[in-house]
Each structure stands twice: as structure tokens, then as C-alpha cells.
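Lettering follows sequence order; numbering is per chain, from 1. None of these values were measured; they are calculated from a predicted model.
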Amino acid sequence: MASRSLQLKILSAVAVFGAWQIAGMIPVSYAFPTFLESMSALGRMAVDGSLYQAYLETLKPLVVGVAISAFLGIGLGLWIGLSSKFDWLFSPIFIVMQAAPLAALIPLLVMAYGIGLTSKVFVVCIMAMPVIVLNTAGAVRNTPSSIKEMGRSFLGTDVDIILKIIIPAASPVIFSGLRLGISAGFIGAILAELKITPTGVGDIITYSRSIADYPSMYAAIFSIILLAVVFLNIVERLEAYLFEGNVRGYASD
Amino acid sequence: MTLFGYRLPGMSSLILWGLLWEIVGRSGMTFFIPPLSEVFLTLFEVIGTPPFLKALSETSYAFAAGVFFALVIGIPVGILMGKNRLVDELLLPWVNIFLSAPLTALVPVLMVLFGFGMRSIIITTTLFAIWIIILNARAGVMQINRSLVEMARSFGATPMVAFYKIYFWAALPEILGGVRIGVIRAVKGVIIGQLLISIVGFGALFELYANNFLMAHFWAVLVVLFALAFTVSEFLAYLERRVSYYAAKR
Amino acid sequence: MGSAQAAKINIALAETPSDELAAFFVALDRAKAAGLDYEWTAFSDEELAIQAVLSGQMDIGFGTPYAAMQRSKAPIRIVFQLSKLKFFPVTSKKYGKLEDLNGEPIMLHSRGGGTDSIANVIEDKLSIKFGDRSYVPGSSNRVAALMAGQTDATIVDLSNKNKLMKLASDRFNVLPMFEVDASDEALFANLDWIKKNENDVDIFVKALVSVWQDMAKDPTIISRETDPEGPIGQLPKEILGNLDEFYFDAVEGGLYDPNGGGRKAAMADLEWYSAAGQLDGDPSTLNIEDFWYLAPLDAATK
Amino acid sequence: MVMPQIKDPIGHLEMRAPPNAVVARGVSKTYGDVEALKNLSLEFPKGQLTSLLGPSGCGKTTLLKIIGGLLEPTAGEIEVNGTPVKGPGPDRAFVFQDFALLPWANVLRNVAFGLELRGAAKSEREAIAEKYIAEVGLSGFEKAFPHELSGGMRQRVGLARALSVDADVLLMDEPFSAVDEQTRRKFQEDLLRLVQNENKTFIFVTHSIEEAVYVSDQIAILLPRPSRVLEIIRPAIERNKNVDNIRRDPEYLDIVDKIWAALRSYVE
Amino acid sequence: MVMPQIKDPIGHLEMRAPPNAVVARGVSKTYGDVEALKNLSLEFPKGQLTSLLGPSGCGKTTLLKIIGGLLEPTAGEIEVNGTPVKGPGPDRAFVFQDFALLPWANVLRNVAFGLELRGAAKSEREAIAEKYIAEVGLSGFEKAFPHELSGGMRQRVGLARALSVDADVLLMDEPFSAVDEQTRRKFQEDLLRLVQNENKTFIFVTHSIEEAVYVSDQIAILLPRPSRVLEIIRPAIERNKNVDNIRRDPEYLDIVDKIWAALRSYVE
Ligand SMILES: Nc1ncnc2c1ncn2[C@@H]1O[C@H](COP(=O)(O)OP(=O)(O)OP(=O)(O)O)[C@@H](O)[C@H]1O
Ligand SMILES: Nc1ncnc2c1ncn2[C@@H]1O[C@H](COP(=O)(O)OP(=O)(O)OP(=O)(O)O)[C@@H](O)[C@H]1O
Ligand SMILES: [Mg+2]
Ligand SMILES: [Mg+2]
């Protein structure tokens, strides 16, 4: 069964990349390279090291921003979920933030915090944080009351109940918020590099576009998507490792 | 939250935050946060002008079209994935990739493939919204109570009848949840599209006001946008609550 | 798209319509009066406009696509120089002349962009070397950064230089610069398309030349001819009010060549963009005809 | 409604007075590796109530679903009124162990849903549904939604739905498991009346030995997985005695004890 | 473990031989508009098993939770071993109607969870948990997660968890509802042995009259909402008769019938 699903994955990957290759060969546009051209550009950048350098740049705001959003977001979310005063005060802010197109705020951030790491971290945070906070708060609020009661009846302290019952019970939703948050963080990081200062991968994209080196541009785009997927897989593994009972497989199987 | 025995309505704390904004604005701390009152004055000044109306209509058109395609494609695909294992296994990895991929990086590719006008903006919007809609519809179908389906079969329902009498309704709470998140993402998508592809609609206004340091104008448009996004999302949340009575009991 | 009269031509702008584009829109109005049917789209930057023309989705675009002309397989040609590279090194009071910037950090628009090439040529001509280059797209953003003290040296365009000097001339210097004739923005299109639409291109270039020449005599015609219902006329009054001032400064500063550039500009471009690193090869061996299509301009200025 | 052809029970099993409504012949069912049923043969006489009794997970639901045409047996075949079962049919109605109510529809629509799927007109099916809602004691709850009902009430909705399509064979999977003891007893008596008054065949799954002995004409005791029939018992209790007294009838108690002894060995 | 102080049952109610482990005095409870309990008084003698019997929704769970200290009564008070209840305490353990297992923890951790919250060392609590897992017949499932167990098995995990903390008073809310009849009978017998051998007090909610009569020292019959005590019955069955015979003991059957008659009026 595992090999069947792997085969299907390979099959669908071949189909998609094949379509890309063919579209590039027609070509649909002068600015659309083939799959193989892009991959060789990727190989070239990987060999000459420019790719790693770029990622060093890109990952800085991303990792810092995601780490801040995760800790602050989960912390705030717990607090909002546990205290109705806090809920009243803060959740509207995050609801507005989640709904609003914050990309439009980027020019303001540049004016306020300049073009350095701070602004970029900020962009990552405002993209990633709301969904993390709201998911965490919702999950905490929805912890089944029966297991909370159980914890109380067996004399759990408040801290026990938060650590041993509420957090594990909320963890699937917290993690799905984390996944959405990280993906939003990636969007923010790239947006920052496209709209604030072109550094890192964003720089490869804009620079190769400005010198019409399209294979490199596509290679950079390809690599960042790959990175996002790898990043999220790591988060998934982490969840499976921390809360193995949460992984329950296909409902239909 | 209750105060002196009165239940404060859910969003009333926004008034408090508005006051804080006004104070920060009046203190003149930074030029890019003008007082809220000034923002509202500018808002009334701007709101009837042709450029604003044009931006509004352009943006709503792109948004509506993008969301429409996301719904019309996303929901059936999601339901199909939930029902059919082969389709699911073929598509699921891609759906997951696109859900988590930084779509902003893909925007340049879209421009090449689909042109630089409204079409790309609509597609960007669709791409922001569609994946979570697919995933949620799929999750909704996958957790359908098998015996509901068996019940329908035992009373002689054809697959088509089962589809619209059972599957759709049973998955509706998840579908609506996905649509709400998808629509919120679509608002971001349409603005990002307008900023990164061709500068039209609200994207153009933002660019113009930011470049010329017209902060009150900038915030005024932003407030309008916040309010619109918020209204849409609350409306969908309301629909979701309408069906939530059976969500936990299926 | 056979006949020239039937189809609208698609113009790819590289920025949103604002004061700097007022003259261009006046020319568009005149061209329309002469029978040109057009539609414009604003892109967020020059590279996108170039890409749009390259892929055939737009007919005529804004920018200086020299790198694309040399590297891509598409025959792109420039037909008109819209503005010259009039950029101004502005610094805090720390620096008095360009040589002072040797080894100092500087903030530019984008890697490989216009201000980047200016910096390259400055290094070349004065045999200095800038320190770290950081990139912030948008002159206005760089002005904001300068005012906020996040950088001490940057290169900005004319209107932002003026804004800055008006706001805080006591804190900043504009460093003296050598004359540059190379293009900042030019109008370009695919040669095949130009050949098929000679008539439209002629009308368009003629209108541009007439406006550029009238403007050189009297900059206020721009504000007077601006259509109040058009994209420029609809700008907030805060911007519209400064139109005359902007064009006085621009004409005085030599931002616009009344003759649309032509051979002189082409030569200057080849030299400049070679030095800036966007073109490969010795500029003297490069052929102007590979980059410019001069027939419409010749016809309009003769 | 399909009318029963007057059977031709291929006479390799002893002939009995009432013809068989349902016959299972050599039915096996495996789920992946799990062998749920193995070569099970069983006959269900027409107009009678047959109980299936056996430990949890022994395959009772599986057998019922195969009869209902919802599952394909791995081997063997089912005949209903003489014709082999190919899929669900209008001659059989199912009462589901987990009720299977539409949570978005009210009681009236849920009860009428079987008729709705069979294409009955709205007014007609609602009239029929009303009648059966009253019969299971839910009058006044027509507009209530399933989540507003207690477990026992929900189960009655599923019962009413199955009754309303007027099928020959009723397949009931633990139909009284969620109702409290008090209500359950009333239902058992209602069920006995139904068996007596209508010429329907009931196949009834339960965990309660007492219940099985009390309501059944015939009890099939199933062995744990893979399931075969251990024994068939025909309680033959005199039901015209006072209902309250049946439960202390020594005959009744003997049967209960006999079944209990047979099953007991599988508990430890 | 807290040792019971030898009571001082404020003697306004008749004195009985065994001291009372739990006393409820004039307990009322309203949820918003719903009046669940009204001025309910009840005594639970030490070392005995008391059943609460009553229609669904009559407030049995509510009373149990108030005794457990999980809910505050609106009026009245509870005393456990002579001290008023202020909240949950180590002298009481709860078996929840909906099991209340941690879905992310395996059986071993779930059973040991009560001890974990009381701060027992890992090795110690797992040894105790192992013992009770074996006692409820789940040996071999220590590493399984709740979603891999059948309903009955889950309920037994909750039972083992409550037993493992070794509390004086066990509050059991329909502890056998999800296990099949066969297993249930075995559990009833295990329960009887527990009551006999350990000096614990059991408060037991059930829907089954037979079960209540069979296992209880004392049965409290509750009226529907707002709940008061209708009657207290002390079955006093001779349990040293052969277990199988008890069920046909006329005395036993009389009590069942008496309760049935008392409850019956609330069914129709
Ligand atoms: N869809 C399935 N996939 C795999 N195994 C299954 C499936 N359905 C049932 N089984 C297995 O088949 C066996 C019989 O299941 P079935 O539901 O028929 O039991 P049952 O007798 O109805 O039990 P209960 O009394 O608990 O309702 C069980 O061991 C179960 O684990
Ligand atoms: N949290 C609550 N909010 C409002 N009403 C409640 C709540 N919990 C219980 N009730 C009401 O209180 C009454 C008693 O409920 P309780 O759960 O104690 O009944 P029960 O006797 O345990 O019923 P069952 O036999 O079905 O378990 C019910 O009518 C119920 O509707
Ligand atoms: Mg079953
Ligand atoms: Mg209860």
C-alpha cells in the first residue's frame, strides 16, 4: 500500500513536471523556461553556492518571525482561550488582523522600521500570528469539558490541567494553526523580499527577472516552494512525535 | 465578558482600541499614524470619488470572480477526493503543497502563464482561496457517517441523489468553514495580486498614497478594506453557526 | 491583429499614474484625438512591463529593456526616450561630494536597476568604490529611510529630491553629478508588432514629440491639458497641486529630451548600460539598429 | 411493493410450516484479514421474529447488512422471497444500530426520508410519516431536530422511518439499545403486537438474552468470529399469559439460563 | 490516603448500623432555567453499594458530580466522611458516563493518569495501573490508544483508572452501559466481590432495574426532574445462593416488579 501511494505520487509528479517541460518547449512565452532548464539553473546555483547564501538571508527573518509568532501566538492564544476578559480585549484585534489584507501595510512598516531585519520579521509576524492565535484560542475553548472535569476530579492543579489536558487536547488544532501560520509566514517573507528590499531568494527572483535570466528565476521559485513543503513536513513530524495519539489515519479505512 | 452585570457585545473592545489609536495619533508620535478621527474625515471625503469607486468595483470584480471559481472548482473536487481514493492519492500531495507554498513566489509565474491583467489577479485570488476549500470539503466528506450513506442506499438512493441529499449536506459545516478561511485568504490574494501584478484597484490606491505620504488617505482605504473583509468573514461565520447545530452530532 | 485601426494597442506602464506620468497622459490624449485607440495597464515594476511585452501580452511598454533585448530571443526595439536618467545622489550633511562616498554604504533601488547602474558608473568614472549597497525600491521609500536616519546616502529621482529639499534642506545635501544622457524610461515594443502597426506607432510617437516640445516651451501646458476625468485628473489634490512645479523643475533639470532621444540617446544608452553591466560586449561593436527602431521618431521630428 | 412469490425453498433443509422469507446459504465475509462470517447458513421464516444473539464483534451487523444488500458476501448467497439479493431493495427496510438520522432534517422529514427516496409525493409521504411518528410515541416532536432528542427518541425516529416504507422484511440492528429500561419494555410489547398483527418478517439483533427470549419466535446463537450458528432455539413461550408474569415463568427462565450457559464460555 | 474519621452523622435522620460515608442534605441544583435537583436528601452507608435509578435526564449524573465536588449545588450540602465537600478530593474517584479518556494517551497512561495527577512516581504508578488493567481484562492492550478500542473496552479503561487511585468512595456513572450483556454479567459479579472484600463505598448509576437489584445494598429511586427521592429500597438478597439461582429467586423478582411498577407510571 505504501509503495502504491509512492508510485502515485511519482506518477503525478511526472505528469506535472512533464506538462511544465512541454509548455516550456512550445514555448507558451519567451519568459517561460522548460523544467529541465530551470533544474539545471537550480543545480548551477546550488553548485556555486549562491543558493545557500540566498537562503541564509531569507531564512533569517522567516525563522525569527515564525519563532516569535509561534511562541507569542500560542501563548496569547492560550491566554485568550482561558480568560474571558482577555478574549474580549484581544480577539477582535486578531479577527480583524486575520481578515485584513495586511500586505498593504508593508509600505508603512518600511517607513516605521526601515528596511532591515525588523520590518521583515514584522511582515512575517503579522501574516503568521493571527491564525496561530485564533486557532489556539478556539481549541482551548473547545477542550471537551468532560476530560477537564476528569482532571479536576483526580485532583489535577490548574497548571496540571493546562499542561496535561488542555494543551494536548488542543494540539491538533494548534498544529494546524501553526501549519497555516508558517505557510503565511513564508508568504510574508517572500512578500517582504519582493516589496521591501530584494535580498535572499526574493533577490534572485527579482534580479534574474531584471536580467531576463528566467530559468534562474523559476529555479528560485521552485526551491522556495520546496523549502516550504519540507518545513511543513518537519512540523508534521514534530506533531506526530510529540502527540502520537493524535495521528489516527484515514477515517474511512 | 461582563461589566457591572452587563454583557458587553463581542466586538465592543474595538472601541477601546480605536480610542488608543486616536490618542497615539494625536500625540504625534509618528507621522504615519494620523488620528483616527482624521482618517474618518478623509474617508468620507474619498469614498464617493470616482477613483475610489473604480478601485472598489475593480477589486470586488476580481474578488468575486476569484472566489466564484474557487467555490465552483474547489467544492466538487474536494468532495470527489473524499469519495474516491485514487483521485485523492493523485491530488492530495499537490493540494497540500499549494496550501503551504508561498503563493507570492508563484505570482511571477502566473503572470507569464496567464497574462498581466485582471485574469492573473483573478487566478491569484482563486489560488489563495481554493486549496483550503478543497481540503475542508474533502475532510467533511471523509468524516461522513458511513451509515448515513448506507441508509440512503438501503432506501434505494442513486449515487447522484446520495450526492446532493447526503454528501453535500453532511459535509456542509466543513465546507462552510473552508469557504470562510478561503474567502479571508482571497481578500489577501486579491490585494497581493493588485500589488504584485498590475497595479489596479485598491492596490493602486495604496501604492499612490504610500508613495506620496498621504497617510490619512492610506488608512482610510485600509479601514474600508478591513471593514469589508471583516463583514464578509463574519457573514460566513454566521452561516457556519447556522449549521453548527448538527456539526458535532453527525 | 492585422489592421492597425481595428485593435486597441495595449500599453504597459511601469508604475501607477502619478505626477511623473502627467505629460505622457497628455500625449496619449493628443494621440487619441489623432485616431489612436489604446488601453493602459500599470505594472508594479519595469521588469514586469518588459516581461509583458516580451511575452506578447502587451504591445508597447515602459522601461529600459537592454538586458532583455540582448538575452531573450524576442526582437524588442525602443522607439522613444521618455525620460533621462536624472537621478541625484542625496546624503546627510556628513558628505559634501561624491568622492566622500568612497567605501561608504549606499541605498539603491534594486540590483541591476537604474540607480544601481548609476552607482556603477560613478564608481567607474571617479575610481571610487561604494561600501555595502542596500536596496529599497521606490525613491519615496528611500527618502523616508533617509529622513528616518536609516541611511546616510542614496540616489533618488528629481521629484523626490525636490520634496526632500523642501522638507529638510538643512539636514541633507544634493551632491553635484556629471550629466547623463542615457534613458531612464523609454517606450519599446516588439519589432514584428511595430512593423504590423506602423501607423499607430507613428501617431503615438508624433503625439509624444509634440507634447515634449510644447512642454519644453511652457511646462504649464501639462496641467492645463490634463483631462480632469482622466487618471491624472483624478489624483488627490495634494498631488495635482504640485504639477506645474514638478514640470518646471523637470524641464529646467533636463529630464525630458524634446527630440525623444534618438541616435544620441541610443549611443549614450549603449555606453551607459555596458558600463553598468547590463549589456555584454564592447559598446562600440554594438549596433544601434539592434536596440532602437528609429523610423517613427525620424518621421515625427523631421 | 414486491409481492412474495410463494417460495420454493430448495428442500435440502427440513421443511417447516411457514415458508422462509429470507434464506442465507453458506455466507462468508472477510474484511481484509478479518474473517467476520464463515460459511453461515440460516433461515428466517415468514411472519416471524428471529433474533441474532452473540458476543460483541461476532458479525451480527455484518450479516444484517449482507441481507440488506449493503455489503457483498465474500462467498455464499442470500435469497429474499425466493429471489437472490443483488443489492438493496424495496422489500427490506433497515433500522440502524447508530440510528443514521439526517442531522439537518427534522423528525418529520427524517421519518419520511425513506419514502422521499422512493419518490413518494410530499403530501402522501408526510401523511404516512405522521402516522408512524404517532405510533412510536413522538407526536408533537415532528418539527424537532435529532440533536434535540434524547438517544431513545432518536432510535424511535429510525424505527418509524423503517416502518413507514412498509417493507416485507425488517432488519433491526439493536433497535432498543439506547432507550432506557423503562421505555424499552414498552417497546418490546409494541414489537410483539406488530409481529402478531402484520405479516412481516423481523430480523432482530440484541445483546440482551432476556429480550431475545421474550420477543423472539426463533433465536440464532452465533459463535465469535469467524461466526457460525451454534444453535437455534425456538422459545415458544405462551405470550397470552399476563405480561408481567412471563418474566417469572420457569420455562422462560430455563431458556434464558440455557442460552446464558451456551454464551458464557466465550466471556472468560 | 485520607483515613475516614469515624463520622458524626448529625443525628436528625434515623441512625443505622453502618455509619454513612456520604450524606446529601437538601441539595438543589438549577442549570439556568432547568431545575435538575430539588431539595434532595440521601445517605450512603459506608462499605455498601447504593444505586441511583430513575428515568433519563432526571439528574443522576448531576447528583454524582455534586458529590464528586465537580459541581456546586445551588443549595444544600454534601458531607463525605463527616467533612463538607468543597471540591474534588482524594477520598472520591469518578467513573465517567462518557469515559473521559485522553485520546492522545495509551491505555497504560490513561489508567495511570489519576495517579500521575496525584504525583506518584512513574514506575510506581505504572505498576499499579498494570495490575488494574489486568483486573478489567485488558492485559495486552496497554499500548493501544482509545480510538483502537471498542466502546466496552474504553469503559473498562475508565473503570481501571478510578480503581487505581484507591479512593474510599467510588462514584460510578453507568459504568457498564457500553459493554455487552455477557461481559456485563461478569463485571456485576466482580463488582459484588469488590464490595464484599474492600471496605469501599460505591455510588452506582444504572438504567437497568435487574442490575440495580442484583448488585445493590440500597436502591434510591428518583423522580423525574426536578429530582427528589421517591423511595429507598434495600433488596437484601441472599447472595450466597448460587449466582445463577438468584435471578429466579422470587424475592428478587418481586423487588424488580415493585420497582418496575413504581417507575412505570413515568414511561407513559
Ligand atoms: N469495515 C470493516 N473493516 C474491517 N473490519 C470490520 C469492518 N466492519 C466490521 N469489521 C469486523 O468484523 C467483525 C464483525 O463486526 P460486526 O460489526 O458485524 O459485529 P457485531 O456482531 O455487529 O458487533 P456489535 O455487537 O458490537 O455490534 C468485527 O470483529 C469487526 O472488527
Ligand atoms: N450543563 C447543563 N446545562 C443545562 N442543563 C443541563 C446541563 N447538564 C444537565 N442538564 C439538564 O439537567 C437534567 C439532568 O441531567 P443529568 O445529566 O444529571 O441527567 P441523568 O439523570 O444523568 O440522565 P441520563 O440517564 O440520560 O444520563 C437534564 O434535564 C439536563 O437537560
Ligand atoms: Mg453491530
Ligand atoms: Mg447521566
Non-hydrogen atoms of B:S154 and D:P88 that approach each other most closely: CA-CB, 3.7 Å
B:A162 portion near chain D, given a 4.5 angstrom heavy-atom threshold: neither
Smallest separation among heavy atoms of D:P103 and B:L148, with atom names: CD-CD1, 4.3 Å
Chain B contact via D:L101 - side chain, backbone, both or neither, heavy atoms under 4.5 Å: backbone
From D:F113 atom CZ to B:I166 atom CD1, the distance as rounded to the nearest 0.5 Å: 4.0 Å
NZ/B:K83: more than 12 non-hydrogen atoms of other groups inside 6.0 Å: yes
Side chain to side chain contact (heavy atoms under 4.5 Å, CB included) between D:V165 and B:F155, intermediate numbers included: CA-CA 9 Å; D:V165 295; B:F155 287 111; 3.7 Å; yes
Within 6.0 angstrom of B:K54 NZ, more than 12 heavy atoms from elsewhere: no
B:M151 side, atom CE; D:L102 side, atom CG - distance, nearest 0.5 Å: 4.5 Å
Nearest atoms (heavy-atom pairs only) where B:R153 meets D:G69: NH2-O, 3.4 Å
Exceeds 12 heavy-atom contacts within 6.0 angstrom, atom CD of D:E72: no
